[in-house]
Student: 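First the structure, which I've put down as structure tokens, then a few questions once you've had a look.
Numbered from 1 within each chain, the chains take letters A, B, ... in sequence-line order.
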Amino acid sequence: MDYPLTEARKEIKTNLKNVLIQLEYKFEPKLEIPSEELGDFSFPCFTLASLIRKSPKDIAEEIATRIKKGKWINKVKTIGGYVNFFIDKQILITSTLKSIYNKKEDYGNLKKINEKVIIEHTSANPNGPLHVGRARNPIIGDTLVRIFKAAGFDVESQFYLDDMGKQVAILTWGLGNLNSKDIPISKYNKSDHKSVGFYQIANKLMKDDEKISKEISNIIKKSENGELKTLKLAHKAYTPVLKGINKSLQRINITIDRYIPESDFVKNKSVEFVVEKLKKSKYCGNENGGLYLDLESFGIHGRNTKFFFTRSDGTTLYATRDIAYHIWKGKHADKLINVLGEDHKLESKQVEIALNLLDVKSIPKPIFYAFVSMAGGKMSTRHGRVVYLDDLIEECVKRAYEEVKTRKGLEFSEAKMKEISEIIGIGALRYNIIKVQPEKDIVFKWEDALNFEGNAAPFIQYAHARACGILSKMEKNKGIKDPDLFSLKHDSEFNLVKKLAEFPIIIDDASKGFKPHIIATFLFDIASRFNQFYRDCHVISEKNIELKKARLSLVNSTRIVLKNGLYLLGIMAPEEM
RNA sequence: GGGCCUGUAGCCUAGCCUGGAUAGGGCGAUAGCCUCCUAAGCUAUAGAUCGCGGGUUCGAAUCCCGCCAGGUCCGCCA
């Protein structure tokens with residue numbers, strides 16, 4: 001069964017199409033959503049007008065007079081060259097609230113489809129804790145995971161684990177050769193923070209000492225050759241780091257289904273297979289033994305169009321293994337999504353071309369995000385200009401705690417304040433990152449990150465808590481059983497319901513367009529309209545019992561949509577705050 | 001030098017793919033609203049050459065071309 005607004009749109013479109021056929025206009029109409037007061041759906045006649053050489057205004061009127069009223073179509077009005085459709089408010093109210101009441105936490109979700117999607121995200125080098133520069137990655141990734149699940153897909157999240165690269169090699173060397181006395185003490189009692197010092201010092205030493213540099217190169221070489229002993233050492237080195245990263249992710253409600261080590265593709269020889277096949281490509285060239293694809297004819301320009309996939313000594317490169325990984329992924333899913341920093345754009349393109357040359361069907365859809373920088377320059381571990389994800393989490397929660405304490409210090413217990421500030425702080429953090437489209441640069445400022453008012457998660461959580469407040473006060477009354485929904489007549493009520501009705505469409509748009517941020521905007525809108533309703537339409541003090549019940553039902557529906565929506569963003573919905 | 005992304009009020013941002021009706025919001029500012037369901041809220045006011053210049057179109061923030069600024073990449077690194 002369709003959701004109410006989808007059904008309404010269908011009816012209007014069918015009706016409109018029929019009228020166009022009647023008038024013998026061959027034209028595929030496109031419906032728009034106008035601003036509220038103009039109507040619910042709108043058909044602009046301008047394009048059609050230029051085709052048949054008639055004035056848009058005349059066409060609009062011609063069409064409007066022929067549109068029949070239906071279950072949904074209540075009124076048709078023309079303004080200039082527009083045909084504006086008004087849908088029946090009562091039908092929308094009753095069908096939407098019933099739909100929410102029936103589906104509950106399932107409301108908004110689209111029909112299950114038998115399609116598997118693998119979303120690769122985070123995939124950070126396991127040499128230290130996650131920092132804010134890349135913090136968009138897990139948040140965008142996890143939000144996409146949740147959105148695609150809601151859109152009916154079978155979703156698996158994957159972390160591609162670079163266990164044989166330079167970064168892990170440096171860490172491995174550091175842990176094997178440095179004395180923990182010489183490592184600066186971390187302020188966090190977390191395994192990733194404890195390890196990163198070894199990496200940093202080793203990194204520094206390597207630059208001045210050729211011997212060390214050579215030893216590290218050796219580690220890399222050995223792991224590339226698939227030498228198990230070295231890979232085991234590396235595994236031992238990065239595992240605690242990964243554990244720490246995982247812990248941070250868990251705290252912001254992110255779990256990764258599967259970690260895929262890069263070395264797997266060396267061990268199972270699938271990289272060799274990739275090399276063998278690419279060798280046969282007509283774009284393959286050889287430079288002193290190193291093999292490359294010439295990508296000039298694929299629109300790759302710049303100083304160097306050569307995409308090397310082996311070194312002169314025959315060993316493979318990161319990108320080669322990435323190709324093997326993607327071939328493997330493609331066999332296990334119908335759709336692939338990769339969340340990547342914008343620095344991976346070229347590499348991603350190269351892999352895509354290679355996959356095409358290898359006749360691989362499933363080409364990944366990359367979602368690129370711009371880095372988070374700090375006011376005054378780039379983030380850099382060396383210059384101490386780094387803010388870790390853990391720093392950000394701590395600061396957000398701490399600030400949330402202060403807010404909770406000033407507001408509810410007398411009312412809530414210490415434990416409750418702690419619990420709520422965790423929910424609010426984490427929510428604010430995730431929301432702040434997801435509300436902006438990924439490709440936009442973000443300059444990190446504490447004032448912005450810690451602002452809990454306006455377009456921020458606490459605003460939405462607050463609306464949810466308010467709704468819960470009303471419901472809990474009314475619990476003793478019989479409540480929502482068989483409310484007469486026709487008694488909802490106030491504009492604020494209708495405006496809210498109309499927005500609630502859009503939820504499934506928003507999920508559809510967000511998944512089809514890979515746009516997690518529109519969920520955030522939508523929820524802000526709901527919360528905003530709920531606050532207006534809250535102002536205009538009192539529930540508890542309402543004397544008319546039928547109206548009171550109907551409003552209660554609306555409050556409960558709003559609560560459900562807010563909760564479901566926040567869930568998509570990985571944000572908890574507190575019942576009080 | 002070349003490729004890709006971004007440029008919307010003091011600050012942040014939606015809309016751009018798929019051109020359409022007065023460019024939506026938020027922060028900050030100013031002025032109001034708690035004997036009434038949580039004021040992390042609500043209402044109002046001020047604030048925009050949609051980076052700049054051309055073009056296409058009945059119509060351009062949106063499409064095309066050129067330029068400017070910022071980010072990012074152009075390793076037999078990962």
Student: Identify which nucleotide among A78(B), A40(B), C5(B) has an atom closest to any side-chain atom of Arg321(A), counting heavy atoms from C-beta outward.
Tutor: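 Closest nucleotide among those given: A78(B).
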
Student: Using ring centroids (six-membered ring only for Trp), state whether Phe85(A) and Phe41(A) fall under 6.0 Å.
Tutor: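 So the answer is no for these two rings.
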
Student: Reckon Glu575(A) touches a base, only the sugar-phosphate, or nothing at all at heavy-atom distances under 4.0 Å?
Tutor: base

Student: Determine the Euclidean distance between corresponding P atoms of C64(B) and G25(B); express it in Å to zero decimal places.
Tutor: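 The answer is 29 Å between these two P atoms.
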
Student: Within the modelled atom types, does a donor on one side and an acceptor on the other bring the side chain of Ser42(A) and the base of A21(B) under 3.5 Å apart?
Tutor: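 Such a pair exists between side chain and base.
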
Student: On a whole-Å scale, what distance lies between the C1' atoms belonging to A14(B) and C50(B)?
Tutor: 12 Å

Student: Is it the case that the base of A14(B) and the side chain of Asp525(A) share a donor-acceptor contact (distance under 3.5 Å, atom types as modelled)?
Tutor: no

Student: For a quick check of understanding: with a heavy-atom distance under 4.0 Å over all strands, which category does Asn84(A) fall into, base, sugar-phosphate or nothing?
Tutor: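 Here Asn84(A) touches the bases of the nucleic acid.
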
Student: Would you classify Lys349(A) as touching base, sugar-phosphate or nothing, given that sugar-phosphate means primed atoms plus P, OP1 and OP2, and contacts are heavy atoms under 4.0 Å?
Tutor: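 Lys349(A): no heavy atom of the nucleic acid under 4.0 Å.
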
Student: Could you work out the separation of G54(B) and U72(B) based on their C1' atoms and round it to a whole Å?
Tutor: 28 Å

Student: When you check the glycosidic angle of C5(B), does it come out syn, meaning within 90° of 0, or anti?
Tutor: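 It is anti.
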
Student: If I take atom NZ in residue Lys499(A) and atom C1' in nucleotide G24(B), what distance separates them, rounded to the nearest angstrom?
Tutor: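 Spelled out: NZ on Lys499(A) to C1' on G24(B) is 11 Å.
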
Student: Using purine N1 to pyrimidine N3 plus N6-O4 or O6-N4 for Watson-Crick, or N1-O2 and O6-N3 for G-U wobble, each under 3.5 Å, what pairs with A69(B)?
Tutor: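 Pairing partner, where one exists within any strand: U6(B).
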
Student: How would you label the contact of Asp448(A) with the nucleic acid (heavy atoms, under 4.0 Å): base, sugar-phosphate, or nothing?
Tutor: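 Since no nucleic acid heavy atom lies under 4.0 Å of Asp448(A), the category is nothing.
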
Student: With a centroid cutoff of 5.5 Å and a plane-angle limit of 30°, would you call His538(A) stacked on C36(B)?
Tutor: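 No; by the centre-distance and plane-angle rule, His538(A) does not count as stacking on C36(B).
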
Student: Scan Ser312(A) against the nucleic acid and name what it touches under 4.0 Å (heavy atoms): base, sugar-phosphate only, or nothing.
Tutor: base

Student: Once you round it to whole Å, what is the distance between C1' of A78(B) and CG of Asn203(A)?
Tutor: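 In whole Å, A78(B) C1' and Asn203(A) CG are 13 Å from each other.
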
Student: Out of U6(B), U72(B), G26(B), which nucleotide sits closest to the side chain of Asn455(A)?
Tutor: G26(B)

Student: Would Lys499(A) pass as a cation-pi partner of Phe522(A), given that its NZ or CZ must be under 6.0 Å from the six-membered ring centre and within 45 degrees of the axis?
Tutor: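 No - Lys499(A) does not lie over the ring of Phe522(A) by the 6.0 Å and 45° rule.
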
Student: Within less than 4.0 Å of OP1 or OP2 of U43(B), is there a side-chain N or O belonging to Gln532(A)?
Tutor: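 Affirmative; the distance criterion is met.
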
Student: Kindly say if Gln437(A) contacts the phosphate of C16(B), meaning a side-chain N or O under 4.0 Å from OP1 or OP2.
Tutor: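 Gln437(A) to C16(B) OP1/OP2: no side-chain N or O under 4.0 Å.
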
Student: Do Thr320(A) side-chain atoms and Phe309(A) backbone N/O form a donor-acceptor pair below 3.5 Å?
Tutor: yes

Student: Just to be sure I understand the rule, does Asn125(A) reach a base, reach only the sugar-phosphate, or reach nothing, if contact means heavy atoms closer than 4.0 Å?
Tutor: sugar-phosphate

Student: Could you let me know what G1(B) is paired to, Watson-Crick or G-U wobble, both distances under 3.5 Å, or none if it's on its own?
Tutor: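 Result: C74(B).
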
Student: Taking the C1' atom of each, how far is C27(B) from C65(B), in whole Å?
Tutor: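 So the two C1' atoms sit 37 Å from each other.
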
Student: Of the listed nucleotides (A40(B), C37(B), A78(B)), which one gets closest to any side-chain atom of Ile470(A)?
Tutor: C37(B)

Student: Starting from the 5' end of RNA chain B, give me the residue, Pro458(A) or Asp313(A), whose nearest nucleotide shows up first.
Tutor: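 Final value for this comparison: Pro458(A).
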
Student: Do the side-chain N and O atoms of Ser312(A) and Asn288(A) include a donor-acceptor pair separated by under 3.5 angstrom?
Tutor: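 Their side chains do not contain a donor-acceptor pair, so the 3.5 Å distance test is not met.
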
Student: I want to verify a distance call: between C73(B), C12(B), A40(B), whose nearest atom is closest to the Leu346(A) side chain?
Tutor: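 Of C73(B), C12(B), A40(B), C73(B) is nearest to the side chain of Leu346(A).
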
Student: Would you classify Glu347(A) as touching base, sugar-phosphate or nothing, given that sugar-phosphate means primed atoms plus P, OP1 and OP2, and contacts are heavy atoms under 4.0 Å?
Tutor: base

Student: Taking the P atom of each, how far is A46(B) from G10(B), in whole Å?
Tutor: 16 Å

Student: Calculate the interatomic distance between Ile59(A) atom CD1 and C58(B) atom P; express it in whole Å.
Tutor: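 Atom CD1 in Ile59(A) sits about 15 Å away from atom P in C58(B).
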
Student: In this structure, how many angstroms lie between the P atom of A78(B) and the CD1 atom of Ile219(A), rounded?
Tutor: 15 Å

Student: Evaluate Asn455(A) against Tyr431(A) for side-chain hydrogen bond (donor to acceptor under 3.5 Å, both in side chains), listing each step before the verdict.
Tutor: CA-CA 9 Å; Asn455(A) 190 3; Tyr431(A) 189 89; 2.5 Å; yes

Student: How far does the C1' atom of G19(B) sit from the matching atom of G2(B), given to the nearest Å?
Tutor: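 Those two atoms are separated by 31 Å.
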
Student: Looking at Phe368(A), I'd like to know if the NZ or CZ of Lys345(A) sits under 6.0 Å from its six-membered ring centre while staying within 45 degrees of the ring's axis.
Tutor: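 Pair Lys345(A)/Phe368(A) counts as cation-pi.
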
Student: Which whole-number value in Å describes the distance from Lys515(A) NZ to G15(B) P?
Tutor: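 In whole Å, G15(B) P lies 6 Å from Lys515(A) NZ.
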
Student: Just to confirm, is there a sub-4.0 Å distance from OP1 or OP2 of C36(B) to any side-chain nitrogen or oxygen of Arg535(A)?
Tutor: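 No.
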
Student: Is His517(A) close enough to G25(B) that one of its side-chain N or O atoms is under 4.0 Å from OP1 or OP2 there?
Tutor: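 Negative; the distance criterion is not met.
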
Student: In plain terms, say whether Glu576(A) and Lys408(A) are close enough for a salt bridge, that is, a side-chain N and a carboxylate O under 4.0 Å apart.
Tutor: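 Salt bridge flag = no for Lys408(A) with Glu576(A).
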
Student: With the side chain of Phe308(A) defined as its heavy atoms from C-beta on, choose the nearest nucleotide among C76(B), C73(B), G41(B).
Tutor: C76(B)

Student: Rounded to whole angstroms, how far apart are NZ on Lys440(A) and C1' on G26(B)?
Tutor: 14 Å

Student: At 4.0 Å (heavy atoms only), tell me whether Gln167(A) reaches a base, stays on the sugar-phosphate, or touches nothing.
Tutor: nothing

Student: Considering every strand shown, what is the Watson-Crick or G-U wobble mate of A23(B) when both distances are under 3.5 Å?
Tutor: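 The answer is none; no pair meets the criterion.
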
Student: Just call it for Ile424(A): base, sugar-phosphate, or nothing, with non-hydrogen atoms closer than 4.0 Å on any strand.
Tutor: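 Here Ile424(A) touches the bases of the nucleic acid.
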
Student: Could you check whether Glu403(A) pairs with Arg407(A) (Lys NZ or Arg NE/NH1/NH2 to Asp/Glu carboxylate O, under 4.0 Å)?
Tutor: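 Between Arg407(A) and Glu403(A) there is a salt bridge, with a charged N closer than 4.0 Å to a carboxylate O.
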
Student: From CZ of Phe309(A) over to P of C76(B), roughly how many Å is that when rounded to an integer?
Tutor: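 Taking atom P of C76(B) as the reference, CZ of Phe309(A) is at 13 Å.
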
Student: Using heavy atoms to find the nearest nucleotide of RNA chain B for Cys537(A) and Gly165(A) separately, return the residue whose nucleotide is more 5′.
Tutor: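 Result: Cys537(A).
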
Student: Using the P atom as the reference point in each nucleotide, state the distance between G59(B) and G28(B) in Å, no decimals.
Tutor: 42 Å

Student: In terms of side-chain heavy atoms of Val436(A), which of C37(B), A78(B), U13(B) is nearest?
Tutor: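 For Val436(A), the side-chain atoms sit closest to U13(B).
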
Student: Rounded to whole angstroms, how far apart are CZ on Arg466(A) and C1' on C42(B)?
Tutor: 8 Å

Student: Base, sugar-phosphate alone, or nothing: which one does Ala370(A) contact when heavy atoms must sit under 4.0 Å apart?
Tutor: nothing

Student: Assign Phe524(A) to base, sugar-phosphate, or nothing according to its heavy-atom contacts below 4.0 angstrom with the strands shown.
Tutor: sugar-phosphate

Student: Look at all strands and tell whether Pro56(A) reaches a base, only sugar-phosphate, or nothing, counting heavy atoms closer than 4.0 Å.
Tutor: nothing

Student: Using the P atom as the reference point in each nucleotide, state the distance between A61(B) and C4(B) in Å, no decimals.
Tutor: 24 Å

Student: Within the 4.0 Å heavy-atom criterion, would you say Met577(A) contacts the bases, only the backbone, or no part of the nucleic acid?
Tutor: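 Since a base atom lies under 4.0 Å of Met577(A), the category is base.
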
Student: Under the salt bridge (Lys or Arg N to Asp or Glu O under 4.0 Å) test against Glu493(A), which residue among Lys498(A), Arg529(A), Arg551(A) passes?
Tutor: Arg551(A)

Student: Among the nucleotides C76(B), A39(B), U72(B), which one has an atom lying closest to any side-chain atom of Glu342(A)?
Tutor: U72(B)

Student: Using a heavy-atom cut-off of under 4.0 Å over every strand shown, decide if Glu37(A) touches base, sugar-phosphate, or nothing.
Tutor: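 The residue Glu37(A) makes base contact.
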
Student: Do the side chains of Glu62(A) and Lys54(A) get close enough for a salt bridge, i.e. N-O under 4.0 angstrom?
Tutor: yes

